[in-house]
*Asks:* 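Okay, handing you the structure first.
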Number of protein chains: 2
Amino acid sequence: MPVQMHHPSLDEVSLSAVFAALSDDHRRGVVVALAVDPTREQPCSVFPVPGTKSTRSYHWKVLREAGLIIQRNTGTGMMLRLREPEFEQRFPGFLANLLHLEGRPPVPAESTHENGDAPPDR
Amino acid sequence: MPVQMHHPSLDEVSLSAVFAALSDDHRRGVVVALAVDPTREQPCSVFPVPGTKSTRSYHWKVLREAGLIIQRNTGTGMMLRLREPEFEQRFPGFLANLLHLEGRPPVPAESTHENGDAPPDR
DNA sequence: GACTTGGTTCGAAAATCTTCGTACTCAGGT
DNA sequence: ACCTGAGTACGAAGATTTTCGAACCAAGTC
């Protein structure tokens with residue numbers, strides 16, 4: 001009955017669990033989408049993971065138990081966000097490399113508003 | 001009956017296959033051991049992958065089909081070596097990051113000491 | 001030649017991962 | 001209070017991965 005679900009401590013997650021979680025295209029897509037803007041929390045309904053509610057819920061669980069995401073229950077919906085900076089501290093460079101491999105440039109900085117073209121400046 | 005086995009082209013291997021191959025501790029151990037000294041070829045008998053011959057052979061196949069290793073038959077034994085620099089070109093930075101995560105510093109450079117002092121094999 | 005050594009491949013069995021339906025919970029609206 | 005929408009947990013069925021044994025192959029050795 002936990003209204004708040006369990007997130008494992010980062011040092012009890014193994015690299016094997018991380019690789020296994022990311023070996024699925026849909027799950028990896030979620031992580032990449034989140035990692036593009038690591039501080040931004042998004043409703044899980046926006047992610048194109050196919051299947052029924054329980055199937056989708058299963059995938060969030062796999063990602064959660066791999067230490068990759070944090071799930072927050074808002075009562076009216078579930079929010080997902082990347083588990084940063086904990087994950088970076090435990091597995092340094094991993095997410096940056098993943099983003100690079102997927103050809104997705106990380107968001108330049110902490111502009112949390114949709115600023116079409118933000119001149120990176122400096 | 002191919003005495004020489006098939007290695008897929010690097011651009012038909014998916015990131016999913018790579019992650020899946022590395023989600024196993026033993027397989028990842030092989031890749032890390034090879035990546036420490038990427039040009040060095042080693043007999044597959046040196047790797048501590050448990051199981052029968054066919055089980056071990058299965059794991060080489062998974063790594064081979066993920067584009068991670070090259071298998072060369074010497075008639076009297078099987079040699080494994082990292083699939084460099086092809087893999088690096090296809091998935092830049094991946095192996096370096098893996099080595100870093102496993103706390104294994106890569107061999108500095110051209111010191112491919114094909115002998116040096118004997119590794120503790122016995 | 002016969003025999004051993006070190007390996008692959010092909011099933012089939014075992015184990016694990018994935019999907020789904022059902023039951024349940026929580027918060028909001030009526 | 002009842003209902004609805006969004007989600008988790010638990011089985012069980014289905015799909016995939018992993019392991020093993022048996023058959024086979026190639027190169028050395030006797």
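Order of the sequence lines sets the chain letters (A, B, ...), proteins ahead of strands, with each chain counted from 1. The structure displayed is predicted, hence computed values, not measured ones.
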*Asks:* Are there any protein N/O atoms within less than 3.5 Å of an N/O atom in nucleotides 18-22 of chain D, and if so, which ones and at what distance?
*Replies:*
{"residue": "D:dT18", "atom": "OP1", "partner": "B:R27", "partner atom": "NH2", "Å": "3.4"}
{"residue": "D:dT18", "atom": "OP2", "partner": "B:Y58", "partner atom": "OH", "Å": "2.7"}
{"residue": "D:dT19", "atom": "OP2", "partner": "B:H59", "partner atom": "NE2", "Å": "2.6"}
{"residue": "D:dC20", "atom": "OP2", "partner": "B:T52", "partner atom": "N", "Å": "3.4"}
{"residue": "D:dC20", "atom": "OP2", "partner": "B:T55", "partner atom": "OG1", "Å": "3.2"}
{"residue": "D:dG21", "atom": "N7", "partner": "B:S54", "partner atom": "OG", "Å": "3.2"}
{"residue": "D:dG21", "atom": "O6", "partner": "B:S54", "partner atom": "OG", "Å": "3.3"}

*Asks:* Who else is in B:M79's hydrophobic cluster (ILVMFWY, side-chain heavy atoms under 4.5 Å, direct or via others)?
*Replies:*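 Cluster partners of B:M79: none, it stands alone.
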*Asks:* What is the distance, rounded to the nearest whole Å, between atom CG of B:L63 and atom C1' of D:dT17?
*Replies:*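 Result: 14 Å.
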*Asks:* Rounded to whole Å, please give me the gap between CG in B:N73 and P in C:dT9.
*Replies:*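 Computing the B:N73:CG to C:dT9:P distance gives 11 Å.
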*Asks:* Does A:F91 have any ring pair (Phe, Tyr, Trp, His ring centres under 6.0 Å) partners at least two apart in sequence or in another chain, and if so, which?
*Replies:*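 A:F87.
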*Asks:* Return the value, rounded to whole Å, for the distance between atom CG of A:D25 and atom C1' of C:dT18.
*Replies:*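 Interatomic distance, CG of A:D25 to C1' of C:dT18: 15 Å.
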*Asks:* To the nearest angstrom, how far is B:K61 atom NZ from C:dG11 atom C1'?
*Replies:*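 Going from NZ in B:K61 over to C1' in C:dG11 covers 12 Å.
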*Asks:* Can you tell me how far C1' of C:dC26 sits from CE of A:M5, to the nearest Å?
*Replies:*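 Distance, rounded to whole Å: 12 Å.
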*Asks:* With B:R28, which residues qualify under salt bridge (Lys or Arg N to Asp or Glu O under 4.0 Å), at least two apart?
*Replies:*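 Counting only residues at least two positions away or on another chain, B:R28 forms a salt bridge (Lys or Arg N to Asp or Glu O under 4.0 Å) with B:D25, B:E102.
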*Asks:* Rounded to whole angstrom units, what separation is found between the CZ atom of A:R56 and the P atom of C:dT18?
*Replies:*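 A:R56 atom CZ is separated from C:dT18 atom P by 16 Å.
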*Asks:* In chain order, what residues pass the side chain to side chain contact (heavy atoms under 4.5 Å, CB included) check against A:S54, with sequence neighbours excluded?
*Replies:*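 Applying side chain to side chain contact (heavy atoms under 4.5 Å, CB included) to A:S54 gives A:T52.
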*Asks:* Below 4.0 angstrom from OP1 or OP2 of D:dG7, is there any side-chain N or O of A:Q71?
*Replies:*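 Looking at the OP1 and OP2 atoms of D:dG7, neither is under 4.0 Å from any side-chain N or O of A:Q71.
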*Asks:* Return the value, rounded to whole Å, for the distance between atom CE of B:M78 and atom P of D:dA26.
*Replies:*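 B:M78 atom CE is separated from D:dA26 atom P by 13 Å.
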*Asks:* Quick one: B:W60 CH2 to C:dG6 C1', roughly how many Å, whole number?
*Replies:*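 Atom-to-atom, B:W60 to C:dG6, this comes out as 13 Å.
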*Asks:* Could you pull out all residues at least two apart from B:I70 that satisfy side chain to side chain contact (heavy atoms under 4.5 Å, CB included)?
*Replies:*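 Partners of B:I70 under the side chain to side chain contact (heavy atoms under 4.5 Å, CB included) test: B:H7, B:R81, B:R83.
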*Asks:* Rounded at 0.5 Å granularity, tell me how far NE2 in B:H59 sits from SG in B:C44.
*Replies:*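 Those atoms lie 12.5 Å apart.
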